[in-house]
Amino acid sequence: MGQILKVAMPKGRIYNKAAEMFRQAGLPIPPDGEESRKLVISLPEAGMEFILAKPVDVPTYVEYGVADIGIVGKDVLLEEERDVYELLDLGIARCRMSIIGLPNWQPGIQQRVATKYPNVASRYFREQGQQVEVVKLNGSIELAPLIGLADRIVDMVETGQTLKDNGLVEMKSIFEITSRLVANRVSYRMKNNEIQQLCDRLQAVIGEPGLQLK
Ligand SMILES: Nc1ncnc2c1ncn2[C@@H]1O[C@H](COP(=O)(O)OP(=O)(O)OP(=O)(O)O)[C@@H](O)[C@H]1O
Ligand SMILES: O=P(O)(O)OC[C@H]1O[C@H](OP(=O)(O)OP(=O)(O)O)[C@H](O)[C@@H]1O
C-alpha cells in the first residue's frame, strides 16, 4: 500500500471536467455537489484525498505541501508564480488570455487597464514597452471599459459571448490557457511512485482518441 496522495481540486468550472477525467482514469471522485458542502473528500480505496479549494488558492496549497498535487488553470499559474512543478497539460477548460477594448479604442496619454490578473498584465505591457496603470478587479471585468474605469482589460475569452454581449472587441490574444496538473517539489520526490502512477493514468485518458472532455 502506497502513501495517501492529497489532491487540491479547484471548485467552480474546472471541477466537473477534472472529476470526469479522474473517473475515466478509474478514480471515482463524485461530481460537484454530490457530497453536500464537504470540502474534503476521501477515497481510501484509491489512496487519495481531495481538497476542494478556490481555484486561485490551489498553487498556494501545493507550494506549502498541504496538497501533494493540484489542478489549476495556466492563467492562475502565471499570475501566482508559485514554486510548483507543472507535470501535465490536461487540455480541459480551454480558453485564452486577451487584451480587450471598445471598438473605437485609441491609445491616450493615460492608459488604464483593468484585470483579475495584475501580474500577468503588468508583465505583458512592460515587455511591450507600454506604460499603463493596472487596476485589479475580482470579476465582471468587462464592465470596466463600459463604465469608464479603464481603457482596456486583460481577461479570458472562451466563446467570445461575453465580449459580444457587451460590445467589446478582442484586440490581441496573448496566450492559450488549459488546466494543468502541478506537484509540490518535495512530494514529487517522496511520493514519486504514487504521483507517477496517477500521471500515467491521466495521460492515458488525455491520449485516448475521440474522448469528449470539454
Ligand atoms: N470562460 C472560460 N472558459 C473556459 N475556462 C475558463 C473560463 N473562465 C475561466 N476558465 C478557467 O477556469 C478556471 C477557474 O475559473 P472559475 O470561473 O471556476 O474560477 P474563478 O475565476 O477563480 O472564479 P471565482 O472567483 O468565482 O471562484 C480559470 O482559472 C481558467 O483557467
Ligand atoms: O468568452 P466567454 O465564453 O464569454 O467567456 C469569458 C468569460 O468567462 C470568464 O468569466 P466568469 O464566468 O468566470 O465570470 P467573472 O466575470 O466573475 O470572472 C471571463 O472572465 C469572461 O468574462
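Atoms within each ligand, like the ligands themselves, are counted from 1 in listed order.
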Output the distance between atom CE (M156) and atom OG1 (T115), rounded to the nearest 0.5 Å. 8.5 Å
Rounded distance [0.5 Å steps], OG in S179 versus CZ in R94: 9.5 Å
Of all the non-hydrogen atoms in the protein, which one sits nearest to atom 3 (N) of ligand 1, and at what distance? E158 OE1, 2.9 Å
Residues around ligand 2, heavy atom under 4.0 Å from any ligand atom, sorted by chain and number. Can you pull those? R13, K116, G139, S140, E142, D155, M156, V157, E158, T159, G160, Q161, T162
Salt-bridge criterion met for E86 and K74 (N-O under 4.0 Å): yes
Would you call V56 a ligand 1 contact, heavy-atom distance under 4.0 Å? no
Measuring only between side-chain heavy atoms, which start at C-beta, is R201 closer than 4.5 Å to L27? yes
Would you kindly say whether E142 and T162 are connected by a side-chain donor-acceptor distance under 3.5 Å? no
Nearest non-hydrogen partners of R152 and G101, listed with the distance: CG-CA, 4.4 Å
Backbone or side chain, does any N or O of K74 fall under 3.5 Å from an N or O of ligand 1? no
Could you check whether K17 pairs with E20 (Lys NZ or Arg NE/NH1/NH2 to Asp/Glu carboxylate O, under 4.0 Å)? no
Between E81 and R123, is there a salt bridge with N-O shorter than 4.0 Å? yes
For atom 6 (C) of ligand 1, what is the nearest protein heavy atom, given as residue, atom name and distance? R13 CD, 3.4 Å
Could you tell me whether the side chain of E45 reaches within less than 4.5 Å of the side chain of L43, counting heavy atoms only? yes
Which residue and heavy atom of the protein sit nearest atom 19 (O) of ligand 1, plus the separation: P55 CG, 3.5 Å
Location of contacts on M156 toward ligand 1, heavy atoms closer than 4.0 Å: side chain
Do any N/O atoms on N138 end up under 3.5 angstrom from N/O atoms on ligand 1? no
Can you find a heavy atom in the side chain of I100 that is under 4.5 Å from one in the side chain of V169? no
Can you tell me which residue and heavy atom of the protein come closest to atom 20 (P) of ligand 1, and the distance to 0.1 Å? K116 NZ, 3.8 Å
Using a 4.0 Å cutoff against the non-hydrogen atoms of G12, which atoms of ligand 1 qualify? 18 (O)
Can you check atom 26 (O) of ligand 1: any protein non-hydrogen atom closer than 4.0 Å? no
Does any N/O atom on R94 come nearer than 3.5 Å to any N/O atom on ligand 1? no
Side chains of V135 and R112: closer than 4.5 Å at any heavy-atom pair? yes
Check against side chain to side chain contact (heavy atoms under 4.5 Å, CB included), C199 and L181: CA-CA 8 Å; C199 281; L181 182 76; 3.8 Å; yes
Could an N or O of ligand 1 be found under 3.5 Å from any N or O of Y117, whether backbone or side chain? no
T159 contact mode with ligand 1 (heavy-atom cut-off under 4.0 Å): neither
Do me a favour and list the nearest non-hydrogen protein atom to atom 28 (C) of ligand 1 with residue, atom name and distance? D75 OD2, 3.3 Å
Any heavy-atom pair between the side chains of L5 and I69 that's under 4.5 Å? yes
